[in-house]
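Data first, discussion second: the structure below is written as structure tokens.
Quick caveat, the model's predicted, so the values are computed rather than measured.
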Amino acid sequence: MHRKWMSACISALSALAMHFAFAIIVHLWFSASVFPIIIMIVGTLFLWIICGGWCRRQLGLSPSAPTFVFFNVFFLWGVYIFLIRKDVGPAMDAAFNTQCLVLAVGLWRMLLSDPGYVIYENTFADSMDQTIFSETKTDQLVSVDHFSGTIGNDETASDNRLFVRARYCRKCKAHVDRFDHHCPAIGNCVGQRNHRLFILLLVTFVSAEICYFLCSIFCFPNFINFRKRETQASHLVPWIISTALFAIIQVLWQVPFLFWHLYCIIVNVTTDEWVNWEKYPELQQVVPPESGRPFPGRKFKNPYNKGFQECA
């Protein structure tokens, strides 16, 4: 427990130092073009990632990614309330505050959610790795309430629900029904039971960051000549600009990430199945030999693609 608290404190301090570095970059290079500033901010982000890996290897301290995400949400929310809100209209203000509240509650629920843990009734399952459930007897599978600790036969199993898409997560050391991926940012797997919440959070992240960027633009006319006057507000402008650029940088990778998951929903495939299809026989199709290739090959096939009929 002590180690977890230390990891959380390090992550929060690291996020604060990162935003302080962003503000310094904006303050020193404010007269430059926006693109060099964005490049330096992106470089600082990569430096922080490298430092986190070094701390994990050399010091044995794994920074808490969920704490880092929580802190960034509340930090941008705080900058908005104390520096930006006074220049924003009531409709935009209500929209952004609602989105931040949804993110805070949703991240907490996602962290504590059960993604759909399943186990075998027999005890040797704990030593299994990357088990393909379609090759096992489905009557050996039971669902697990991960946080209450109760184990019991899932009522939906009586409705012919088969755990054929349950996969093994090395990080959680557990089997997850319809396992998509392990998300470090939320400290949990994304599976059958929390996939909708994950998509909701992803959409809310994108919309909240775009909303924050638009809100920050409303402040710029009041600070056009801030370098010509030494006021308290002039020293706070770099925080507004740096957090706005940080938000838009997040949007640049989150939007493709969101579209990828929407595509997966449409074709009814998970990220794990797409990346690791060679591990799962049901996702493989034998390609007969042809000229230049004397041996049969394999290619990806998706037996679950039923369009919108089974959207997650």
Side-chain angles (χ1 to χ4, degrees), residues 1 4-5 7-16 18-19 63-85 88-117 144-150 169 171-172 174 176-216 243-244 246-251 253-255 257-259 261-262 265 271 311-312:
M1 182 63 69
K4 290 183 178 180
W5 277 105
S7 176
C9 291
I10 291 175
S11 298
L13 292 175
S14 174
L16 180 61
M18 181 188 70
H19 283 288
S64 173
T67 302
F68 188 84
V69 174
F70 267 106
F71 185 89
N72 280 302
V73 170
F74 284 107
F75 184 84
L76 265 65
W77 200 359
V79 173
Y80 169 80
I81 290 175
F82 291 105
L83 301 182
I84 300 176
R85 188 179 186 184
V88 177
M92 187 74 79
D93 177 63
F96 182 74
N97 283 297
T98 301
Q99 290 168 344
C100 288
L101 183 62
V102 170
L103 285 176
V105 176
L107 283 170
W108 183 254
R109 289 194 60 184
M110 196 72 186
L111 179 65
L112 301 179
S113 65
D114 174 8
Y117 293 104
V144 181
D145 188 338
H146 182 63
F147 293 97
S148 67
T150 60
C169 175
K171 189 70 174 179
C172 295
V176 179
D177 185 20
R178 199 168 179 176
F179 173 72
D180 187 87
H181 69 286
H182 182 90
C183 183
I186 60 175
N188 200 355
C189 292
V190 177
Q192 176 68 27
R193 295 186 179 180
N194 62 1
H195 191 262
R196 290 183 178 88
L197 178 58
F198 174 77
I199 296 297
L200 173 63
L201 281 176
L202 196 52
V203 172
T204 307
F205 263 115
V206 172
S207 61
E209 287 156 353
I210 294 175
C211 187
Y212 181 88
F213 181 78
L214 295 176
C215 290
S216 64
T243 51
F246 174 77
I248 210 66
I249 289 172
Q250 298 301 307
V251 171
W253 72 265
Q254 288 174 354
V255 168
F257 191 59
L258 172 61
F259 275 103
H261 279 281
L262 293 178
I265 291 174
T271 302
C311 287

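Taken to the nearest 0.5 Å, the CG atom of Leu111 stands 10.5 Å off from the SG atom of Cys183. Residue Ile199 holds its CD1 atom at 6.0 Å from CG of Leu262, rounded to the nearest 0.5 Å. To the nearest 0.5 Å, atoms CD1 (Ile210) and CD (Gln250) are separated by 12.5 Å. Distance OG/Ser11 to CZ/Phe70: 12.5 Å, rounded to 0.5 Å. We find the CZ-CG distance between Phe68 and Leu13 to be 12.0 Å, quoted to the nearest 0.5 Å. In this structure, CG in Leu197 is found 11.0 Å from CG in Leu202, a value given to the nearest 0.5 Å.
Contact between Cys189 and Met110 at its shortest, heavy atoms only, is O-CE, 4.5 Å. Thr67 approaches Ser64 most closely through the heavy-atom pair OG1-OG, 2.8 Å. Here the closest non-hydrogen pair linking Ala94 and Thr98 is O-OG1, 2.7 Å. Looking at every heavy atom in both residues, Leu103 comes nearest to Leu201 through CD2-O, 3.9 Å. Cys215 and Met92 make their closest contact through SG-CG, 3.1 Å (heavy atoms, listed as atom of the first residue, atom of the second, distance). Minimum interatomic distance between Gln99 and Ala208 (heavy atoms only, all atoms of both residues): OE1-CA, 3.1 Å.
No side-chain heavy atom of Phe71 sits under 4.5 Å from any side-chain heavy atom of Leu76. Inter-residue side-chain proximity for Pro66 and Leu107 is flagged as unmet; no heavy-atom pair is nearer than 4.5 Å. Residues Arg193 and Asp177 form no side-chain contact, since every pair of their non-hydrogen atoms from C-beta on lies 4.5 Å or further apart. Side chains of His195 and His261 form a contact here, defined as non-hydrogen atoms less than 4.5 Å apart. No side-chain heavy atom of Cys211 sits less than 4.5 Å from a side-chain heavy atom of Phe213. Two residues are said to be in side-chain contact when any heavy atoms from C-beta on lie closer than 4.5 Å; Phe179 and Val190 fail this criterion.
A salt bridge between Arg85 and Asp93 is present, with a side-chain N of the basic residue lying under 4.0 Å from a carboxylate O of the acidic one.
Asn72 and His19 form a side-chain donor-acceptor contact under 3.5 Å, judged by distance and modelled atom types alone.
Ring-plane geometry between Tyr212 and Tyr80 is classed as tilted, the angle between the planes lying from 30 to 60 degrees on a 0 to 90 degree scale. Using bins of under 30°, 30° to 60° and over 60° for the plane-to-plane angle, the ring pair Phe257/Phe198 lands in the perpendicular bin.
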| request: Begin from the C-alpha positions of Leu83 and Thr243 and carry the test side chain to side chain contact (heavy atoms under 4.5 Å, CB included) through to its verdict. | output: CA-CA 11 Å; Leu83 301 182; Thr243 51; over 6 Å; no
| message | Show, in sequence, the C-alpha distance, side-chain angles and deciding distance for Phe96 and Ile84, and conclude whether the side chain to side chain contact (heavy atoms under 4.5 Å, CB included) test is met. | response | CA-CA 11 Å; Phe96 182 74; Ile84 300 176; over 6 Å; no
| Step-by-step side chain to side chain contact (heavy atoms under 4.5 Å, CB included) determination, Val69 to Ile186 | CA-CA 8 Å; Val69 174; Ile186 60 175; over 6 Å; no
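Side chain of Asp114 to backbone of Tyr117: a donor-acceptor contact under 3.5 angstrom is found.
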